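Each residue takes its place number in the sequence, starting with 1. Not measured: the values here are computed from a predicted model.
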Amino acid sequence: MRFPKPAPKTIAGPILALLTLVLSACGTVYPQAERTDLNGTSWALSELNGHPLQLPPGTGTPTMAFSDGMVRGSDGCNRFQGSFEQRDGRLAFGPLAATRRFCEEPVAGIEQGFNRALQTHTGYRFKNGKLELLDGERVLARFSGK
């Protein structure tokens with residue numbers, strides 16, 4: 001008695017299904033969770049009082065870097081450092097020590113607006129990967145991650 005020869009087993013079907021699944025995931029964009037902690041982050045000013053930052057050539061971008069309860073950076077003209085506290089949805093800056101170089105316009109205006117935002121903001125939020133300092137719902141300063 002002869003038994004019919006079994007059909008050869010193939011693994012092409014499962015491999016093809018797995019390959020299709022992997023390749024389809026490559027085009028999928030998963031949203032990142034918004035950041036909540038400033039510690040260990042660095043930011044560059046991108047907008048001030050609702051206007052995109054426009055710097056003259058050769059001018060430094062205002063920045064802030066947060067680490068271990070300290071903030072360090074530049075307002076575009078002078079360097080600064082001091083303490084910060086982020087707690088219960090609030091961001092507070094301690095006294096900030098800064099250099100006192102003279103700056104001409106338009107850098108002086110950017111410097112003043114940047115420092116005013118640090119001193120007078122009433123809140124902050126992370127939105128679309130950016131840090132925003134707020135006065136109520138009005139954005140005083142918007143920063144992009146560095």
Side-chain angles (χ1 to χ4, degrees), residues 7-146:
K9 291 191 177 190
T10 177
I11 62 168
I15 288 177
L16 186 57
L18 180 61
L19 185 60
T20 301
L21 179 64
V22 168
L23 290 177
S24 67
C26 290
T28 305
V29 177
Y30 296 97
Q32 286 186 313
E34 286 289 342
R35 173 173 285 288
T36 58
D37 186 12
L38 283 167
N39 195 45
T41 64
S42 297
W43 303 90
L45 184 66
S46 58
E47 187 178 303
L48 189 59
N49 295 317
H51 302 287
L53 190 63
Q54 295 183 351
L55 297 170
T59 303
T61 301
T63 60
M64 294 190 298
F66 297 87
S67 179
D68 299 323
M70 296 295 293
V71 61
R72 292 173 179 81
S74 167
D75 60 18
C77 180
N78 287 287
R79 302 210 41 83
F80 67 88
Q81 70 175 15
S83 62
F84 81 95
E85 186 175 13
Q86 181 185 13
R87 186 172 44 176
D88 300 327
R90 303 208 26 96
L91 173 62
F93 294 99
L96 299 176
T99 58
R100 297 191 178 268
R101 295 187 325 184
F102 173 77
C103 305
E104 293 187 16
E105 290 297 337
V107 177
I110 294 168
E111 171 194 31
Q112 291 166 3
F114 177 88
N115 289 321
R116 189 171 22 260
L118 293 183
Q119 294 168 8
T120 65
H121 73 280
T122 60
Y124 76 101
R125 70 180 169 211
F126 296 101
K127 186 174 180 183
N128 299 324
K130 298 188 184 292
L131 169 64
E132 297 177 339
L133 297 182
L134 307 169
D135 181 11
E137 284 298 311
R138 186 171 72 96
V139 177
L140 299 175
R142 183 172 286 131
F143 299 83
S144 299
K146 286 180 48 174

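- Here CG of L133 is found 5.5 Å from CE of M64. Values are rounded to the nearest 0.5 Å.
- Residues passing the side-chain contact (heavy atoms from CB on, under 4.5 Å) test with R90: none are found, sequence neighbours excluded.
- The shortest non-hydrogen separation linking C77 to D75 is N-OD1, 2.9 Å.
- Using a 4.5 Å cut-off on side-chain heavy atoms (C-beta onward), P62 and L53 make contact.
- The closest side-chain heavy-atom distance from V71 to L118 is not below 4.5 Å.
- A tilted orientation is assigned to the rings of W43 and F126, their planes being inclined by 30° to 60°.
- Residues satisfying the side chain to side chain donor-acceptor pair (under 3.5 Å) test with R101, not counting sequence neighbours, are none.
- Atom-to-atom distance recorded for T120:OG1 and N115:CG is 10.5 Å, nearest 0.5 angstrom.
- Listed here is the closest heavy atom pair of Y124 and G89: CE2-O, 3.6 Å.
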Would you mind writing out the side-chain donor-acceptor pairs for residues 138-146 within the sub-3.5 Å range, not counting sequence neighbours?
| unit_1 | atom_1 | unit_2 | atom_2 | d |
| --- | --- | --- | --- | --- |
| R142 | NE | E132 | OE2 | 2.7 |
| R142 | NH1 | E47 | OE1 | 2.8 |
| R142 | NH1 | E47 | OE2 | 2.8 |
| R142 | NH2 | E132 | OE2 | 2.8 |
| S144 | OG | K130 | NZ | 2.9 |

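- Within the 3.5 Å criterion, the main-chain N or O of T122 finds no donor-acceptor partner in the side chain of D135.
- Contacts of E137 classified as salt bridge (charged side-chain N to carboxylate O under 4.0 Å, His left out), with partners at least two apart in sequence or in another chain: R125.
- Note that the CD1 atom of I110 and the CG atom of L55 stand 5.0 Å from one another [nearest 0.5 Å].
- Panel note: side chain Q112, backbone R116; no donor-acceptor pair is recorded below 3.5 Å.
- Rounding to the nearest 0.5 Å gives a distance of 11.0 Å between CZ of F102 and CG of N78.
- Looking at heavy atoms from C-beta onward, F93 lies out of side-chain contact with Q119 at the 4.5 angstrom threshold.
- The salt bridge (charged side-chain N to carboxylate O under 4.0 Å, His left out) check on E111 picks up nothing, with sequence neighbours excluded.
- Here the OG1 atom belonging to T99 is positioned 10.5 Å from the CD atom belonging to Q81, to the nearest 0.5 angstrom.
- Closest heavy-atom contact between C103 and A108: O-CB, 3.3 Å.
- Among pairs with a residue in residues 55-64, none fulfils side chain to side chain donor-acceptor pair (under 3.5 Å), at least two apart in sequence or across chains.
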